[in-house]
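I have placed the structure first, in the form of structure tokens, so that the comments after it can refer back to it.
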Amino acid sequence: MSLHVAFDGITKEFGPVRVLHGVGFDLNPGRVHGLLGENGAGKSTLMKILAGYHAPTSGTLSIDGEPVTFRNSRDAEKRGIVLIHQELSLADDLTVTQNMFLGHEIRRGWLLDDRAMRERAVQALRQVGFEGDPDGKVRDLIVAEKQLVEIAKAQLRNARLLIMDEPTASLTPSECDRLFGLIDRLRRDGVTIVYISHKLDEVERITDEVIVMRDGRFVARAPTAETPRQRMAELMVGRELTDMFPDKQSPAIGKPLMAVRGLTVPGWAEDVSFDLHPGEILGFAGLVGAGRTELFEGILGLRPRSGGTVEIEGRPVVLRNPREAMRNGLTYLSEDRKGKGLHVGMGLRENLTLMTLRHHAHPLLSPASEERALEQAVASFGIRGNPQGTASSLSGGNQQKLAIAKFLEPDPRVFVLDEPTRGVDVGAKRDIYFLIARLAAEGRGVIVISSELIELIGLCHRVIVMRGRRVSATVPADRLSEEELIAHAIGTEVSTHTHH
Amino acid sequence: GALGGVAFAADTVKLGVSIPAATHGFTGGIVWWANQAKAELEKAHPNLKITVKTASGAPEQANQLQDLVTVTKIDSLVIFPFESAALTQPVLQAKKKNVYVTVVDRGLTDPSAQDAYIAGDNTAFGRIPAEYIAKKYNGKANIVALRGIPTTLDNERWEAFTGVLKQHPDIKILDGKYANWNRDDAFKVTQDFLTRFKDIDVVWAADDDMAFGVLKAIEQAKRTDIKEVFGGAGSKTMVKTILDGSNPLIHADVSYSPKFIYDAIKMTAEARLKGDKLPATYIIPSSLITKENAKEFYFPDSPY
Amino acid sequence: MPSGPKSAPTPTTEARGDRAAPRKASRRFDPHRFGPVVGLVLLLVVGTALNPDFATWDNMMNVLTRTAFIGIISIGMCFVIISGGIDLSVGSMAALIAGGMILLMNALAGSVGSPVAVVALGMLFALLLGGGFGLAHGYLITRGRIEPFIVTLGTLGIFRAVLTWLADGGAITLDNDLSDAYGPVYYGSLLGIPVPVWVFLAVSVAGAVLLNRTAFGRYVQAIGSNEQVARFAAVDVDRVKLLTYGLLGVCVGIATVLYVPRLGSASPTTGLLWELEAIAAVIVGGTSFKGGEGRIAGTVIGAVLLSVISNILNLTSIISVYLNAAVQGCVIIAVAFLQRRRP
Amino acid sequence: MPSGPKSAPTPTTEARGDRAAPRKASRRFDPHRFGPVVGLVLLLVVGTALNPDFATWDNMMNVLTRTAFIGIISIGMCFVIISGGIDLSVGSMAALIAGGMILLMNALAGSVGSPVAVVALGMLFALLLGGGFGLAHGYLITRGRIEPFIVTLGTLGIFRAVLTWLADGGAITLDNDLSDAYGPVYYGSLLGIPVPVWVFLAVSVAGAVLLNRTAFGRYVQAIGSNEQVARFAAVDVDRVKLLTYGLLGVCVGIATVLYVPRLGSASPTTGLLWELEAIAAVIVGGTSFKGGEGRIAGTVIGAVLLSVISNILNLTSIISVYLNAAVQGCVIIAVAFLQRRRP
Ligand SMILES: Nc1ncnc2c1ncn2[C@@H]1O[C@H](COP(=O)(O)OP(=O)(O)OP(=O)(O)O)[C@@H](O)[C@H]1O
Ligand SMILES: Nc1ncnc2c1ncn2[C@@H]1O[C@H](COP(=O)(O)OP(=O)(O)OP(=O)(O)O)[C@@H](O)[C@H]1O
Ligand SMILES: [Mg+2]
Ligand SMILES: [Mg+2]
């Protein structure tokens with residue numbers, strides 16, 4: 001029933017670039033393996049080889065002792081190997097149900113059996129806690145919902161070996177809980193699981209053993225129970241990691257840098273008010289669909305607003321588009337990296353300087369000056385990968401770093417980061433936290449929208465919790481705890497700090 | 001149709017006119033003359049209603065025909081078919097509904113589909129310039145030729161032209177290429193002919209529009225070997241040029257006036273109003289236009 | 001009221017839990033879906049107002065019959081466009097198929113006895129030829145990895161040139177006997193409805209079923225929406241693309257089979273600009289030029305709408321004949337405006 | 001300069017600079033980039049072999065001069081296609097601009113004294129009209145949210161119809177005096193190179209600089225690559241798109257300014273099918289039909305290549321005239337095959 005997988009001397013080259021250098025280890029049947037490694041370590045690449053999406057350049061992959069070569073993912077699926085992609089792979093124009101059954105349609109004779117597919121889709125979606133419309137287009141879903149659809153989709157495939165490549169990157173705690181329940185059930189059914197995540201608390205909670213990769217090589221494996229988080233992090237980055245979070249410096253008390261009053265984004269956020277002070281890191285917590293992302297898209301003029309005012313540095317501003325927001329010192333890094341954050345088909349340089357081309361134009365663009373900006377960003381953010389390649393050739397975490405660098409280029413006074421550490425490895429995460437703290441220390445206002453409560457707690461001076469389109473509470477630093485935030489988010493506690 | 005040929009005096013006549021859309025000078029002239037006929041005749045005969053429709057291809061023309069019959073309910077039709085073969089069936093269908101049919105210019109493949117046929121002489125359009133050239137250059141000349149758009153019409157002219165010249169072994173047709181009855185294409189093709197052939201006596205442009213492009217290309221290349229450019233159809237500017245002798249390369253033209261559509265409409269309408277029949281075939285002769293007779297072919301108001 | 005850019009998506013006003021409901025509702029009234037219908041209805045009203053004879057059964061049947069060719073081709077084109085491709089060659093292909101088919105039938109007329117059998121063979125040949133041409137396109141596009149635009153621009157020239165060559169620059173005409181045997185395919189009717197309209201209907205229904213109710217149709221949409229995703233889902237992208245072009249080729253074959261008896265000949269001007277008309281019908285019908293989603297019903301309505309415009313223009317003389325194309329252009333833009341996409 | 005990134009904490013690892021080298025090398029031999037050049041060189045060889053007159057300076061200049069119109073339009077078209085749009089109306093637009101410009105100049109000839117001044121005013125008018133038409137397209141596309149295909153298919157009909165109406169179906173001809181004053185713009189040369197070739201060159205260089213070395217060009221590519229991402233990155237998407245269409249309109253204006261003195265007239269056949277030629281030049285030149293990336297140099301080569309094919313065909317008679325279009329089609333497909341995209 002369960003699958004035993006052995007990698008032996010697997011290498012992989014993309015053109016002249018070698019990203020896997022002879023990886024070898026086993027996956028034991030019926031266990032949950034946490035696969036850890038820095039961004040770009042080669043985790044996704046190795047798993048894509050296992051699931052038939054890539055062919056290894058050399059080395060052998062054996063299943064239950066026998067060497068196999070997969071020509072495509074369907075071959076792998078025949079053996080019961082299913083991969084949940086890190087980069088969402090759903091077709092925007094198809095509905096949720098259609099996407100879930102794409103390539104595996106249920107037919108009755110020549111025709112599709114839409115009813116049967118819908119029934120099974122609804123069932124699988126319910127298991128993962130998806131509450132949207134199974135007949136709605138994927139285009140209209142928010143990122144977290146897409147992620148749930150991906151998981152539900154894998155559910156349908158009756159996997160014997162399920163690879164989850166950062167399934168919880170944009171999920172909030174309650175969705176994660178459901179997922180873990182699901183994983184437990186699968187493990188009991190004897191499914192072998194590979195769980196890739198940069199959220200070490202999750203890895204600690206649900207895996208049986210951890211396998212660590214670094215720079216395209218196997219580094220270590222150990223039972224989870226014997227490996228504290230600190231140790232996992234050190235194995236990944238190859239050096240000691242001290243505190244994850246910087247010390248909180250209290251922000252200047254005085255005139256707010258940004259003041260939002262009674263802002264409504266119809267259908268998504270109602271009557272939201274908040275202040276942001278210079279030097280402050282303000283968190284936004286809430287469940288999936290609480291309206292945080294949409295609130296800020298509304299502030300940026302990307303969604304219609306039906307009321308409310310925004311002031312930046314005391315001046316009332318009417319932001320009709322991100323360009324006006326940028327001119328007023330506000331930039332927003334979306335949670336949807338591929339769809340809204342980066343031009344994955346373009347080069348690193350073009351991505352980095354897109355918002356600040358005027359700095360490089362005198363009046364013609366100077367490639368040298370852009371190149372300098374890139375070098376600087378690569379150095380300061382530790383972006384690893386080929387600087388001359390396209391953004392798509394970077395690993396997920398490095399793409400995130402590039403995106404942060406891009407939206408910081410205009411030197412904003414107010415910087416909004418939506419899920420800033422999604423898919424980022426611990427080392428880089430720590431870098432980003434310190435960066436955010438530094439940005440705040442320079443007198444900027446930083447808003448962090450995150451579904452990782454630990455991150456909000458460790459980083460923020462205040463956290464605003466949203467529930468059902470409204471602000472349900474504002475929690476000051478000294479009262480920040482996971483319990484408190486969850487309670488406000490799901491509405492089991494009457495807040496003393498409700499705005500109204 | 002059994003009744004189609006029967007003539008009777010009608011109180012009112014609903015005449016449909018179906019012609020090609022104005023896509024180049026000649027068809028532009030057709031449209032202008034057709035509208036001219038409509039304006040004059042409707043003024044003269046209050047009980048005459050003329051509907052003019054232009055089509056940009058055979059299928060569209062077939063559609064219009066149907067619409068004229070089904071909806072406008074015409075009882076007489078003057079049609080300048082895009083293509084003989086393609087329009088035969090559709091005209092036959094109209095004739096079956098007792099419409100009196102006058103076909104203009106391009107005869108149908110099944111003559112029983114028409115009551116009358118009025119046409120310019122396409123054979124003469126090709127024959128006359130050939131005979132003119134053979135005579136003028138004493139059976140010895142180098143000719144390059146331009147052709148229109150691949151159609152039966154163009155084939156007829158081309159065959160007539162080459163047919164005559166076959167009898168003159170010393171007249172060489174160096175090459176003939178399509179220039180689509182279009183000034184620009186004629187300009188380009190001529191430029192390349194000039195590059196390719198160092199000794200040309202005559203260019204048969206086969207259409208006044210194309211002749212225009214030919215002249216420009218020759219002018220640009222400053223070639224002196226070319227003695228004559230022969231167009232076709234007798235456009236107003238070309239006739240004027242002949243009349244004035246204003247271009248040393250232009251000496252003659254062959255008439256093929258779009259005015260025949262005017263004549264056809266007028267004859268059909270008047271015959272129908274009186275209850276007369278038209279002669280089954282009426283060929284408007286094409287004639288050679290030279291400085292001597294150019295005056296007769298000059299219509300300053302026509303756009304063509 | 002600081003409303004955002006007009007281009008922002010329609011807001012849904014219900015709370016999160018019920019989001020499904022309003023989203024569905026908004027889909028029901030999606031102007032994108034109903035633009036072509038509204039446009040068509042308006043045109044019908046205008047047509048009737050301008051000329052009472054417009055609304056007669058005969059006229060309607062005339063319009064539908066003549067729409068059949070472009071309509072059937074549009075249905076094939078709809079698949080190609082949804083899959084993210086394009087085919088510019090359909091007009092030339094129709095011309096060449098018509099020419100080849102007529103030559104074959106004329107040649108067979110001597111040896112095969114019954115004209116009906118000859119016609120049947122001719123029809124079969126047309127369908128095979130169409131399918132073959134389509135597959136050749138698909139092959140060059142998928143295996144040769146050449147832009148569909150280029151491949152079909154090339155064959156646009158090739159097909160027409162070969163026909164011109166076959167016809168010696170003139171026309172290829174069907175023998176008279178065969179014409180009589182073949183005539184009913186265009187001019188005949190069944191239950192008062194002309195044969196081409198029946199065929200058009202059948203192809204439309206088949207197209208709609210194929211697109212919406214089969215795995216092939218689903219794959220076509222998936223590929224147009226995101227080819228990489230389709231590949232990841234183990235869809236045989238190349239094969240599906242190949243088949244869409246083959247399908248379009250067969251549609252062109254069917255259209256030609258209906259077309260030949262109408263005009264009884266093929267010439268270098270046959271099918272000129274059909275490609276533009278077919279693509280226009282698809283896009284006016286609400287399919288995105290970028291692929292990913294589209295509708296057969298919309299395409300059919302788009303094709304009918306385009307014919308109705310020129311039918312109305314034929315039925316009235318209020319506008320100078322020179323300006324026909326301008327009126328058509330304005331109506332097309334107006335209809336598209338009715339169904340403009342949300343951003 | 002932003003101070004943010006500089007103050008970031010110590011980098012985790014060094015950037016792997018060594019990876020850059022091999023990538024760059026592999027890009028240098030990208031066939032995608034050099035397909036059109038290779039195709040052109042091959043054609044030149046074939047042309048010279050077939051007819052020694054082909055390789056003469058005069059013939060080359062003829063070819064380049066006549067390429068100038070389509071070439072200049074293609075450069076504008078290149079921007080539109082890279083931004084993810086399309087414009088089918090350029091041929092009709094050129095015709096209408098030519099007609100309007102001639103009518104204006106003829107009208108002014110009486111009142112304004114010097115023909116040169118009249119011609120200058122006419123040229124200015126052409127550029128403004130072109131820009132205006134382009135912006136109108138852009139406006140309908142961005143504000144009206146209508147598919148570019150539809151908008152420009154509509155105006156394709158409208159422009160040509162209006163010209164036909166203005167010309168009463170015939171030709172609009174420039175007065176003789178003006179013709180003489182205007183002639184040098186097409187027929188004149190500078191340093192032995194015809195004026196239109198100089199203009200073509202200037203527009204090409206300007207286009208290449210604009211696309212690759214200005215913010216505008218970068219925005220155009222970003223929008224074509226992913227409009228949504230561009231919008232979030234504070235690019236004023238609508239404005240940039242509007243400008244691309246305006247730019248194309250101006251290019252059409254420039255082309256028309258060069259075109260009018262050639263024949264001194266405009267007729268309903270002026271500019272027929274230029275849209276196909278222009279788009280083909282862009283795509284043959286290696287720009288993706290889907291937008292996102294493209295090259296001006298490739299486009300120029302594509303335009304020249306297309307002219308050279310018909311030049312060679314005119315210079316030889318080895319192939320039946322009926323088959324010209326077939327040869328063209330085959331060459332286009334072959335060139336595209338040379339530069340087919342990697343999968
Ligand atoms: N298609 C590709 N072409 C070129 N390089 C690639 C490609 N895919 C991955 N790489 C490179 O391979 C390396 C490993 O990438 P991979 O996505 O496997 O990392 P990862 O361990 O999954 O990282 P992350 O945690 O950020 O997801 C990276 O340096 C990446 O840039
Ligand atoms: N993100 C953008 N999107 C569209 N156009 C832009 C953008 N940035 C600049 N431009 C335009 O490009 C040109 C040069 O831009 P630059 O950034 O130097 O000027 P600017 O001061 O930002 O202009 P503006 O006043 O419009 O903001 C200007 O015409 C500008 O309006
Ligand atoms: Mg990964
Ligand atoms: Mg969010």
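Note that this is a predicted model, so its numbers are computed, not measured. All heavy atoms count here, side chains included; hydrogens, waters and symmetry mates do not. Here is how names work: the chains are called A, B, and so on, in the same order as the sequence lines, proteins then strands, and each is numbered from 1.
Contact residues of residues 71-87 of chain C toward chain A are absent (heavy-atom distance under 4.5 Å). Taking 4.5 Å as the heavy-atom cut-off, the residues of residues 199-212 of chain C that approach chain A are C/V209, C/N212, ordered by number. For residues 96-106 of chain A, the interface with chain C (any heavy-atom pair closer than 4.5 Å) comprises A/Q98, A/L102, A/G103, A/H104, A/E105, sorted by residue number.
By the 6.0 Å contact criterion, CZ on C/F216 is enclosed, its count of non-hydrogen atoms from other residues, nucleotides or ligands being greater than 12.
Between the CD atom in C/Q228 and the OG atom in A/S392 there is a gap of 9.5 Å [rounded to 0.5 Å].
Of all heavy-atom pairs between C/A222 and A/L94, the closest is CB-CD1, 3.7 Å. Of all heavy-atom pairs spanning C/A233 and A/R74, the tightest one is O-NH2, 3.9 Å.
Contacts with chain C were tallied for A/L300, A/V310, A/L83, A/L111; A/L111 has the most, counting heavy-atom pairs under 4.5 Å. Put simply, of A/G291, A/A51, A/S89, the one with the most heavy-atom pairs under 4.5 Å next to chain C is A/S89. Counting heavy-atom pairs closer than 4.5 Å to chain C, the top residue among A/L90, A/D92, A/N72, A/D75 is A/L90.
Residue pairs meeting the salt bridge (charged side-chain N to carboxylate O under 4.0 Å, His left out) criterion with at least one partner in residues 200-218 of chain C, sequence neighbours excluded, are A/D114-C/R213, A/D114-C/R218.
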